Amino acid sequence: MRKKFKVKKRFKIKYLFYIFLIYISFVYTFYFSIQKISDNNNKKFINLILSGGNTHLLSNYKVTKIVNETVKLFTNIDLTKPLTVINQSIFKNKNSENIIKENHGDDYSNLEELKKISFYIEDPNKIDEDSPKVYLYNTHQLENYKNDGLEIYNITPNVLMASYILKEKLNKLGIPTIVEDTNITNFLQINNWDYASSYKASRLLLLDKKSKYDSLKYFIDIHRDSANKTATKVTIDGKDYAKVMFVIGLEHDNYKENIEVTTKLNKIIKDKYPTLSRGIYKKEGKGVDGIYNQDISKNTILIEIGGVDNNITEVFNTLEVLSKAICELIGDNNE
């Protein structure tokens, strides 16, 4: 009887082992295949949050959730948190430590390393505006946001994604807006420029758009800060937001005009959401750009939206506020 019981027990263990292997095979196949369509996923994701207003809609991927829970049960690996996979020595490679470090810093002198943690995203809703009023661009296009819970879908929120979302919101408010969708990383590499030349690259693209569209009045460069979440997140009426901060370079003749328009926009935001803005940061001296292309127009504005630890939901909520504030600014200036 005992021998029969042992055989039965072995059979059950063997059966469970095979089920586990089938699940693991499915998950790994899904995981790697989805990595190959990152741009498509990012574009779909932008439309998803624009249509639904929140990233929790990703719960529609129910098969993945079921598989993940099963894998967690057997291995303590959470496929929505890649670090648990790395810690279990699965998918581990010689570059993994560098990638993790880069994810929480702004030392992007190595463009190849940068491209491992953030991707260029094509505009999912590209349209030709005949007379745009606002030009959105990202000098540091690949500055990334936190992507917890989105990694398995290979969605990589960054400031370029934020620009596309803001563009859609401004257009809906009746402010014709375009986004600079040239791949600046490739642009730098083609010209054999390093990351420090990013402002030189964005300047050329800005001047090109300015000459192409006489209608352009506002030029907004969107970044995110390297500060942690204690400095860049705020909860207002139960809703989480990524704080904004404005940067002005003082090393050109027209900086006072930049201060004037930026102060107006900052005031509009603070009047309605007093704790959302971190204020205006004026920069000059050694180790900074000091101009930030703001000499091109009095209405060139540099906005840092959130930081490295903010998620896209918090950024999305802030973009809703910012779009209305920009609309009010343009209305107040009769432009």
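It should be emphasised that the depicted structure is a prediction, and the values quoted were computed from it without experimental measurement.
In this structure, Lys212 does not pair ionically with Asp208, as no charged nitrogen and carboxylate oxygen lie closer than 4.0 Å. Salt-bridge check for Asp123 with Lys167: passed, with a basic side-chain N closer than 4.0 Å to an acidic carboxylate O. At a threshold of 4.0 Å, the pair Asp309-Lys233 does not count as salt-bridged, since none of the basic side-chain nitrogens sits closer than that to a carboxylate oxygen.
Here OG of Ser277 is found 5.5 Å from CZ of Phe246. Values are rounded to the nearest 0.5 Å. Note that CG of Asn158 and CD1 of Ile121 are 4.0 Å apart. Values are rounded to the nearest 0.5 Å. Put simply, NZ on Lys267 and CD1 on Ile269 are 12.0 Å apart, with the number rounded to the nearest 0.5 Å. With values rounded to the nearest 0.5 angstrom, Ser215 atom OG is found 11.5 Å from Lys210 atom NZ. Separation of atoms NZ (Lys282) and CD1 (Ile248) is listed at 7.0 Å; rounding is to 0.5 Å. In this structure, the separation between CD1 on Ile259 and CD1 on Ile280 is 7.5 Å, given to the nearest 0.5 Å.
With a 4.5 Å cut-off on side-chain heavy atoms, Phe219 and Ile301 do not count as touching. Between Tyr137 and Leu206 the shortest side-chain heavy-atom distance falls below 4.5 Å. Two residues are said to be in side-chain contact when any heavy atoms from C-beta on lie closer than 4.5 Å; Leu136 and Ile178 fail this criterion. Annotation: side chain of Glu260 is not in contact with side chain of Thr263 (no heavy-atom distance under 4.5 Å). Considering only heavy atoms from C-beta on, Pro157 stays 4.5 Å or farther from Val315 through its side chain. The shortest side-chain heavy-atom distance between Ile236 and Tyr241 falls under the 4.5 Å cut-off. A 4.5 Å side-chain heavy-atom check between Lys283 and Leu250 finds every atom pair outside the cut-off. You'll find the side chain of His140 reaches within 4.5 Å of the side chain of Tyr195, heavy atoms only.
For the residue pair Asp240 / Thr235, a side-chain donor-acceptor distance below 3.5 Å is found, with atom types taken as modelled. A donor-acceptor pair shorter than 3.5 Å can be found between the side chains of Glu180 and Tyr135. For the residue pair Asp221/Ser202, the side-chain donor-acceptor check at 3.5 Å is not satisfied. Between the side chains of Arg224 and Asn144, at least one donor N or O sits under 3.5 Å from an acceptor N or O. There is no side-chain donor-acceptor pair under 3.5 Å between Thr156 and Asn147. In the model, Ser197 has a side-chain atom that pairs as donor or acceptor with a side-chain atom of Asp194 under 3.5 Å.
Linking ILVMFWY residues whenever their side-chain heavy atoms come closer than 4.5 Å, directly or via other members, places Tyr281 and Val288 in the same cluster. Placement of Tyr145 and Ile49 within a single hydrophobic cluster is found when ILVMFWY residues are connected by side-chain heavy-atom separations under 4.5 Å, directly or transitively. Linking Ile, Leu, Val, Met, Phe, Trp and Tyr residues whenever their side-chain heavy atoms come within less than 4.5 Å leaves Tyr273 and Leu173 in two separate clusters. Hydrophobic clustering of Ile, Leu, Val, Met, Phe, Trp and Tyr side chains at less than 4.5 Å, counting indirect connections, keeps Ile303 apart from Val247. In the hydrophobic clustering of ILVMFWY residues, with side-chain heavy atoms under 4.5 Å counting as a link, Ile330 and Val244 come out together.
Between the side chain of Asn258 and the backbone N or O of Ser297, at least one donor-acceptor pair lies under 3.5 Å. Put simply, the side chain of Asn310 gets close to the backbone of Gly307: a donor and an acceptor are under 3.5 Å apart. The closest donor-acceptor contact from the side chain of Gln141 to the backbone of Ile184 lies under 3.5 Å. With hydrogens and angles ignored, the 3.5 Å screen pairs a side-chain donor or acceptor of Gln294 with a backbone N or O of Gly249. Glu168 places no side-chain N or O within donor-acceptor distance of the main-chain N or O of Ile46, the cut-off being under 3.5 Å. Counting only distance, with no hydrogens or angles, the side chain of Asn41 and the backbone of Ile155 share no donor-acceptor pair below 3.5 Å. Within the 3.5 Å criterion, the main-chain N or O of Lys298 finds no donor-acceptor partner in the side chain of Asn254. For Ser118 (side chain) and Leu142 (main-chain N/O), a donor-acceptor pair under 3.5 Å exists by modelled atom type. At least one donor-acceptor pair under 3.5 Å links the side chain of Glu304 to the backbone N or O of Asp225.
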From CA spacing to verdict: side chain to side chain contact (heavy atoms under 4.5 Å, CB included), Leu170, Lys133: CA-CA 10 Å; Leu170 286 171; Lys133 190 169 285 187; over 6 Å; no

CA sep, side-chain torsions, deciding dist, call: Lys264, Asn333, side-chain hydrogen bond (donor to acceptor under 3.5 Å, both in side chains): CA-CA 10 Å; Lys264 283 183 181 178; Asn333 287 347; 3.1 Å; yes

Evaluation steps, side chain to side chain contact (heavy atoms under 4.5 Å, CB included), between His223 and Asn138: CA-CA 6 Å; His223 294 251; Asn138 309 96; over 6 Å; no

Trace of the side-chain hydrogen bond (donor to acceptor under 3.5 Å, both in side chains) decision for Thr230 with Asn228: CA-CA 6 Å; Thr230 56; Asn228 62 36; 2.4 Å; yes

CA sep, side-chain torsions, deciding dist, call: Ile222, Glu143, side chain to side chain contact (heavy atoms under 4.5 Å, CB included): CA-CA 10 Å; Ile222 295 176; Glu143 285 182 330; over 6 Å; no

Asn293 vs Leu302, side chain to side chain contact (heavy atoms under 4.5 Å, CB included): CA-CA, chis, key distance, verdict: CA-CA 9 Å; Asn293 297 326; Leu302 193 159; over 6 Å; no

Test log, rule salt bridge (Lys or Arg N to Asp or Glu O under 4.0 Å), inputs Lys126 and Asp181: CA-CA 9 Å; Lys126 191 168 183 177; Asp181 59 358; 2.8 Å; yes

Test salt bridge (Lys or Arg N to Asp or Glu O under 4.0 Å) applied to Asp295 and Arg203, step by step: CA-CA 10 Å; Asp295 58 322; Arg203 184 181 188 86; 2.8 Å; yes

Cut-off 3.5 Å, no hydrogens considered: what does the side-chain donor-acceptor table look like for residues 320-329, sequence neighbours left out?
{"residue": "Glu320", "atom": "OE1", "partner": "Lys169", "partner atom": "NZ", "Å": "2.4"}
{"residue": "Ser323", "atom": "OG", "partner": "Leu319", "partner atom": "O", "Å": "3.2"}
{"residue": "Ser323", "atom": "OG", "partner": "Glu320", "partner atom": "O", "Å": "2.8"}
{"residue": "Glu328", "atom": "OE1", "partner": "Lys272", "partner atom": "NZ", "Å": "3.0"}

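Every residue two or more places apart in sequence or in another chain that forms a salt bridge (charged side-chain N to carboxylate O under 4.0 Å, His left out) with Lys229 is listed here: Glu314. The ring pair (Phe, Tyr, Trp, His ring centres under 6.0 Å) search around Tyr292 returns Tyr199, not counting sequence neighbours.
Between Ala227 and Arg278, the shortest heavy-atom distance links the atoms CB-NH2, 4.3 Å. Taking each heavy atom of Ala242 and Thr318 in turn, the nearest pair found is O-OG1, 2.6 Å. Summarising the geometry of Pro176 relative to Glu129, their closest heavy-atom pair is CB-OE1, 3.8 Å, with the distance given to 0.1 Å.
The environment of CG in Asn192 is sparse: at most 12 heavy-atom neighbours from other residues, nucleotides or ligands sit within 6.0 Å.
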